[in-house]
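Written out below as structure tokens is the structure these notes cover.
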Amino acid sequence: MPRIAIAGLDRHDAGAAPTGPRAAGAALLARFEGTSVTAASAGAAGPADFARRVAPGLRRGDVDGVILCVEATAHPHQVRAALRLVDRPALLLSLPADGAEPDDDVAAGGAATARRARTSVAELAFTLRAERVNVDVVAGRGDCAATLARILQWTDTLDASKRLAATDIGILSAASEGMPRAAAGLPALSHALGLRFVALDSADLARRRGAVSRFRLRRKLADFADAVDIGCAPAAIEAVLRTACALDDVVWATRCGAIVHCPGTRAGAEDALIERTLAAGAALLNGRGLPVAGRGGVNAAAARCVLEALGAPAACAERVGTHIPSATTAWAVDVPHRHLAGTHRARLDGELRVTQALAAGPVTALALVEPAPGMLVLRFAEGMIVDGPDGRCDVALDASPDRFTGARCALGRGHAGLAIERLARYLNLDAQRAGQGLSD
């Protein structure tokens with residue numbers, strides 16, 4: 001639950017009359033009651049008193065974001081000076097001048113001047129975002145339902161960003177080699193999304209696999225007897241169950257939100273076995289709600305974390321075929337079936353791959369693409385999950401998967417395109433709907 005401070009910035013050092021930003025802040029504080037936002041008032045002041053009386057309350061460690069109520073006719077330099085005193089993500093509530101509605105007509109004699117004055121706060125916010133300052137702007141009144149809805153979208157995005165920053169992704173590799181070459185893009189992902197990456201030793205997972213008892217293997221198999229059709233040899237399913245149990249231990253020890261295996265250049269037989277069984281073992285583990293994803297590499301796992309942070313239950317996915325007559329794509333997924341399962345049971349086939357029939361309904365595919373070093377694009381497409389042959393998962397997207405993901409991405413329940421675009425704007429990243437240019 002995000003914690004928001006509300007403050008007002010008057011144009012002048014006026015008295016304590018409850019008008020303008022003061023009234024807007026009080027109205028917004030009342031409107032927040034009954035929502036998922038914890039709000040507190042930091043008062044209101046003119047430019048001279050803002051630094052002394054209001055700014056210290058906005059810099060407290062228990063505040064996640066700040067809403068600054070400012071009249072549209074406020075001087076840009078005053079607003080910029082106030083924002084420099086705030087070290088939290090901020091939203092500017094641009095209030096109508098002199099109590100007028102934002103869309104009201106003005107007198108013909110001062111129309112041009114008034115329009116320029118009303119857009120000064122929006123222009124300032126645009127300039128600050130161009131400078132990579134985390135500021136948004138909403139025009140309206142504090143007691144308006146439409147204004148509240150837009151502010152709640154901002155707080156939801158703020159909350160999603162917090163959840164991303166609290167997510168650890170474990171990179172499983174041989175400790176003797178350090179971080180493998182496949183993890184070279186981790187600094188860019190960490191800086192752009194706030195994700196944290198933890199180095200895990202594949203030798204530790206191998207030791208945990210060897211320590212799994214027969215009793216635990218039978219119990220793990222019984223947990224999924226009603227959810228998974230097993231179409232592989234007993235030795236293969238035992239290898240998968242051992243990996244699932246070992247991952248269970250690693251997850252509880254590290255609290256990672258995803259685990260990706262990067263075998264490195266000197267991978268031995270044990271690393272190869274882990275790589276073959278990780279995806280299926282993670283899929284079985286997800287059936288109990290534990291957040292592990294192994295398929296698709298680091299970017300696909302990070303895309304899954306993005307969708308989960310936005311409230312869309314998600315899974316890493318790999319395209320395994322295309323049905324040309326129906327224009328649908330078949331996917332193999334690492335999926336928590338308790339969230340996304342359909343009427344068909346998952347199947348563990350001879351290739352140690354779990355094929356899950358997802359429940360029919362809307363879906364969003366998201367890929368994190370790096371078109372240039374240090375540049376990250378959130379590329380997505382929306383579509384529908386449809387019933388495929390043999391109980392498989394087929395997805396009909398509004399763009400060909402080849403145009404935005406290749407073979408690997410994350411699939412999330414629901415249409416989350418607008419939420420992805422808002423999060424990209426909030427993080428100063430680019431969002432791109434498949435088949436279209438970069439968003440503004």
Side-chain angles (χ1 to χ4, degrees), residues 2-5 58-59 63-68 70 76 79-94 119-139 150-167 169 184-197 298-299 301-312 364 366-380 404 410 416-434 436-440:
R3 296 159 295 183
I4 305 298
L58 303 180
R59 292 196 296 266
V63 173
D64 298 315
V66 175
I67 297 176
L68 193 61
V70 182
V79 180
R80 185 187 291 267
L83 288 173
R84 286 179 181 149
L85 301 173
V86 178
D87 60 354
R88 294 289 185 272
L91 181 141
L92 295 178
L93 177 57
S94 180
T119 58
S120 62
V121 174
E123 291 171 350
L124 174 63
F126 178 81
T127 302
L128 290 172
R129 289 199 66 82
E131 298 172 0
R132 298 299 183 181
V133 178
N134 199 339
V135 177
D136 286 271
V137 61
V138 171
R150 292 188 60 192
I151 292 175
L152 289 178
Q153 290 177 352
W154 176 78
T155 60
D156 288 344
T157 305
L158 173 64
D159 200 29
S161 176
K162 281 183 56 186
R163 288 194 290 269
L164 268 181
T167 301
I169 296 182
L186 299 187
L189 290 173
S190 179
H191 176 73
L193 301 175
L195 292 168
R196 299 176 299 192
F197 295 92
V298 176
N299 280 22
R304 175 186 180 273
C305 292
V306 170
L307 289 172
E308 292 276 1
L310 293 173
T364 300
L366 173 65
L368 303 184
V369 183
E370 298 180 55
M375 180 181 181
L376 187 67
V377 176
L378 278 62
R379 192 172 294 171
F380 66 94
F404 73 103
L418 292 178
I420 292 171
E421 290 176 340
R422 286 197 297 267
L423 180 64
R425 259 195 322 270
Y426 180 86
L427 297 175
N428 286 318
L429 299 175
D430 291 317
Q432 181 183 12
R433 187 178 292 271
Q436 298 182 5
L438 293 179
S439 63
D440 295 332

Taking all non-hydrogen atoms of both residues into account, name the closest pair between P89 and L158 and its distance.
CG-CD1, 4.0 Å
Quick one: does any side-chain atom of D64 pair with a main-chain N or O of R3 as donor and acceptor, under 3.5 Å?
yes
Mind running side-chain contact (heavy atoms from CB on, under 4.5 Å) on V86 and L68 for me, showing each step along the way?
CA-CA 10 Å; V86 178; L68 193 61; 5.8 Å; no
Using the side-chain contact (heavy atoms from CB on, under 4.5 Å) rule, take L92 and V135 through it: C-alpha gap first, then chi angles, then the decisive distance, then the call.
CA-CA 7 Å; L92 295 178; V135 177; 4.0 Å; yes
On a heavy-atom basis, the closest approach of L378 and A424 is CD2-CB, 4.4 Å
Apply side-chain contact (heavy atoms from CB on, under 4.5 Å) to I4 and W154, showing your working.
CA-CA 11 Å; I4 305 298; W154 176 78; 4.0 Å; yes
For E370 and N299: C-alpha separation, side-chain torsions, deciding distance, then whether side-chain contact (heavy atoms from CB on, under 4.5 Å) applies.
CA-CA 9 Å; E370 298 180 55; N299 280 22; 3.5 Å; yes
If I compare all heavy atoms of R196 with all of A166, which pair ends up nearest, and what's the gap?
NH2-O, 3.3 Å
Do V63 and L58 make a side-chain contact, defined as non-hydrogen atoms from C-beta onward lying under 4.5 Å apart?
no
At what distance, to the nearest 0.5 angstrom, does CZ of F197 lie from OG1 of T167?
10.0 Å
So CG of L418 and CZ of R433: to nearest 0.5 Å the spacing works out to 7.0 Å
Under 3.5 Å, side chain of D430 to main-chain N/O of V377, donor-acceptor pair present?
no
When rounded to the nearest 0.5 angstrom, what distance separates CD1 in I151 from CD1 in I67?
4.5 Å
Distance, nearest 0.5 Å, that separates CG of L368 from CZ of R304:
13.0 Å
Could you work out, with side-chain hydrogen bond (donor to acceptor under 3.5 Å, both in side chains) as the rule, every residue matching D156, not counting sequence neighbours?
none
What are the two closest heavy atoms between L376 and A192, and how far apart are they?
CD2-CB, 3.8 Å
Quick check: does any side chain N or O of T157 sit under 3.5 Å from a backbone N or O of R422, one acting as donor and the other as acceptor?
no
Residues in salt bridge (charged side-chain N to carboxylate O under 4.0 Å, His left out) with R150, at least two apart?
none
Please name all residues satisfying side-chain hydrogen bond (donor to acceptor under 3.5 Å, both in side chains) with R84, sequence neighbours left out, ordered by chain then number.
none
If I compare all heavy atoms of V137 with all of S94, which pair ends up nearest, and what's the gap?
CG2-CB, 4.1 Å
Quick one: CZ on R163 to CD on E308, what's the gap to the nearest 0.5 Å?
10.0 Å
Working to the nearest 0.5 angstrom, can you tell me the gap between L310 CG and C305 SG?
11.5 Å
